[in-house]
Amino acid sequence: MRKRIWVSLLTVLVVIAGAGGWVIYQHDYDLREEKVTITGGEQPLRGVLAMPEHGHGPYGLVVFVHGDGPVDATADGFYRPIWEAMARAGYASLSWNKPGVGGAPGNWLHQSMRDRAEETVAAIEWAKRRSDLDRNRIGLWGGSQAGWVMPKAARLSPDVKFLIAVSPAINWLRQGRYNLLAELRARNASPSRVKARLAESDRMRRALGNGQTYEQYRAAGGDVRGISRDRWTFITKNYTSDASADLAALRVPVLLILAGHDINVDVADTEAGYRHRLRMPGQLRILRYPAAVHSLMRKDIEDSSFKTYVTAIATPRALFVPGFLRDQRRYLEEAER
């Protein structure tokens, strides 16, 4: 009996050890990461430069532009599988903590899209001074809110040679209305609830248009649940954002990536806008992933907190919809030809 107990315990320990080894293996990326301080902009940026593990530089460079929220340089590790795919195509990746995140100075909620574009250009200028990076092969990768930043940065910097736009919107107000209605539909909201939420949204738009402060809006009975004073500042600076003019001015290749289950962005509106404004022969390439959500994660995984947690721990590359990482690599490899 005692022998059987020890055998069982040993079996459990072996399984645990094997599982631990598997997790370590899955989080061992084919990368060399270097913590860097990016200077030359309004304030120093705390970043990460992820270099290919193999091969010889100078490497091409993909500069990562975050979406909304308090994002750190790795997006809590979410970027690493993408960096690895790009490294296998011979490209390094550069990313940084948003101002105020992870001990970085500043406050990202005080930035306009123009501020963020200038920050991106400063990072490019910093990268150009490194001998292990190829200043003639620099592109931008960004998701969601980055859709307002990257085209602007590309207009400011002649060094940007391509854009990879993941789930971007074009017009801030249209995107906000689409997202609101999509979320209400997903929650099976009643018609009265939909009407009330739209009325709240319209009231805020009028307040923003009239230049009301956060305090004035709150004092007048405006609904500020989930909106801090800093967030109001951010919205005030950016609610008129529209990427149309910047997109029309682009003269570089663009890879547009769209998800089939995107409740944040109206992908039909985005695709139509990009097709209308990017008219150079061969300039626009579109990849669609029907099983993906806004972040390009698999919908079946995002729908379950348990699946998301387990997948992120055990097989983080599998968070993304099949083909996404492969296609990132192929796009960069084709750019080299």
Side-chain angles (χ1 to χ4, degrees), residues 41 60-68 82 86 89 91-95 111-128 133-175 238 240-259 262 264-289 294 296 324 327-328 330-337:
L61 177 67
V62 180
V63 178
F64 273 60
V65 182
H66 302 309
D68 196 10
I82 307 174
M86 293 177 169
Y91 276 75
S93 298
L94 178 64
S95 182
Q111 290 185 307
S112 66
M113 295 301 114
R114 174 81 184 199
D115 294 333
R116 296 198 61 203
E118 292 175 351
E119 179 181 82
T120 303
V121 173
I124 292 171
E125 291 300 312
W126 174 87
K128 286 164 54 180
L133 300 176
D134 187 348
R135 63 186 298 159
N136 296 311
R137 293 188 295 144
I138 298 176
L140 304 179
W141 184 102
S144 194
Q145 192 181 96
W148 291 298
V149 181
M150 293 191 298
K152 198 177 296 296
R155 291 186 72 176
L156 295 172
S157 172
D159 296 298
V160 175
K161 304 304 182 187
F162 61 86
L163 267 62
I164 300 176
V166 182
S167 306
I170 293 178
N171 180 276
W172 180 291
L173 292 176
R174 286 204 309 270
Q175 182 268 341
N238 295 298
T240 59
S241 294
D242 189 297
S244 298
D246 292 326
L247 286 171
L250 285 179
R251 295 296 180 267
V252 298
V254 176
L255 174 62
L256 175 62
I257 295 175
L258 301 173
D262 197 330
N264 295 76
V265 168
D266 183 347
V267 295
D269 179 74
T270 291
E271 179 174 348
Y274 271 65
R275 286 188 181 280
H276 178 67
R277 292 169 180 89
L278 302 178
R279 296 188 172 185
M280 292 173 56
Q283 183 181 18
L284 177 64
R285 181 178 175 186
I286 300 174
L287 294 178
R288 303 177 187 83
Y289 298 90
H294 182 65
L296 271 294
F324 174 68
D327 293 341
Q328 303 288 292
R330 286 181 178 176
Y331 181 77
L332 294 180
E333 289 174 338
E334 292 170 4
E336 296 292 290
R337 297 171 188 167

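Owing to the predicted nature of the structure, the values given are computational and were not obtained by experimental measurement.
- Scanning both residues, Ala153 and Leu140, for their nearest heavy atoms gives CB-CD1, 4.0 Å.
- Here the closest non-hydrogen pair linking Ala146 and Pro151 is O-CD, 4.1 Å.
- Here the CD atom belonging to Gln111 is positioned 10.0 Å from the CD atom belonging to Glu118, to the nearest 0.5 angstrom.
- Expressed to the nearest 0.5 Å, how far CG of Leu278 lies from CD of Gln283 amounts to 4.5 Å.
- A pairwise comparison of heavy atoms in Ser93 and Phe64 identifies OG-CE1, 3.6 Å as the closest pair.
- Rounding to the nearest 0.5 Å gives a distance of 5.5 Å between CZ of Arg277 and CD1 of Ile170.
- You'll find the side chain of Val254 stays beyond 4.5 Å of the side chain of Phe162, heavy atoms only.
- Taking the side chain to side chain contact (heavy atoms under 4.5 Å, CB included) definition, one finds that Arg285 meets it with Leu255, Leu287, Tyr331, Glu334, sequence neighbours left out.
- Atom CE in Met86 sits 5.5 Å away from atom CG in Leu332 (nearest 0.5 Å).
- The two residues Leu156 and Pro158 make their nearest non-hydrogen contact at O-CD, 3.9 Å.
- Legend: side-chain hydrogen bond (donor to acceptor under 3.5 Å, both in side chains) pairs involving residues 149-160, not counting sequence neighbours, sorted by first then second residue: Lys128-Asp159, Lys152-Asp246, Arg155-Asp246.
- Using a 4.5 Å heavy-atom threshold, the side chains of Trp126 and Leu94 count as touching.
- A distance of 8.5 Å separates CE of Met150 from CD1 of Ile164, quoted to the nearest 0.5 Å.
- With a 4.5 Å cut-off on side-chain heavy atoms, Ile286 and Tyr274 do not count as touching.
- Between the Arg275 side chain and the Glu271 main chain, no donor and acceptor come within less than 3.5 Å of each other.
- The closest donor-acceptor contact from the side chain of Gln175 to the backbone of Asn264 lies under 3.5 Å.
- For the side-chain hydrogen bond (donor to acceptor under 3.5 Å, both in side chains) condition, the pairs that include at least one residue of residues 163-173, sequence neighbours left out, are Asn171-Asp242.
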Original post:
Checking side-chain contact (heavy atoms from CB on, under 4.5 Å) for the pair Val252/Lys161: CA distance, chi angles, key distance, verdict?
Top reply: CA-CA 6 Å; Val252 298; Lys161 304 304 182 187; 5.5 Å; no
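- Side-chain contact between Pro168 and Leu256 is present, with heavy atoms from C-beta onward closer than 4.5 Å.
- Contact record, Ser144 with Gly67: CB-CA, 4.5 Å, taken as the closest heavy-atom pair.
- Looking at Leu61 and Asp134, their side chains never come closer than 4.5 Å, going by heavy atoms from C-beta outward.
- A donor-acceptor pair under 3.5 Å is formed between the side chain of Arg116 and the backbone N or O of His66.
- Under the 4.0 Å criterion applied to side-chain N and carboxylate O atoms, Asp266 and Arg174 are not assigned as salt-bridge partners.
- Distance check, rounded to the nearest 0.5 Å: CD of Gln328 to CH2 of Trp141 gives 7.0 Å.
- Of the possible donor and acceptor atoms, one in the side chain of Asp262 sits under 3.5 Å from a partner among the backbone N and O of Val265.
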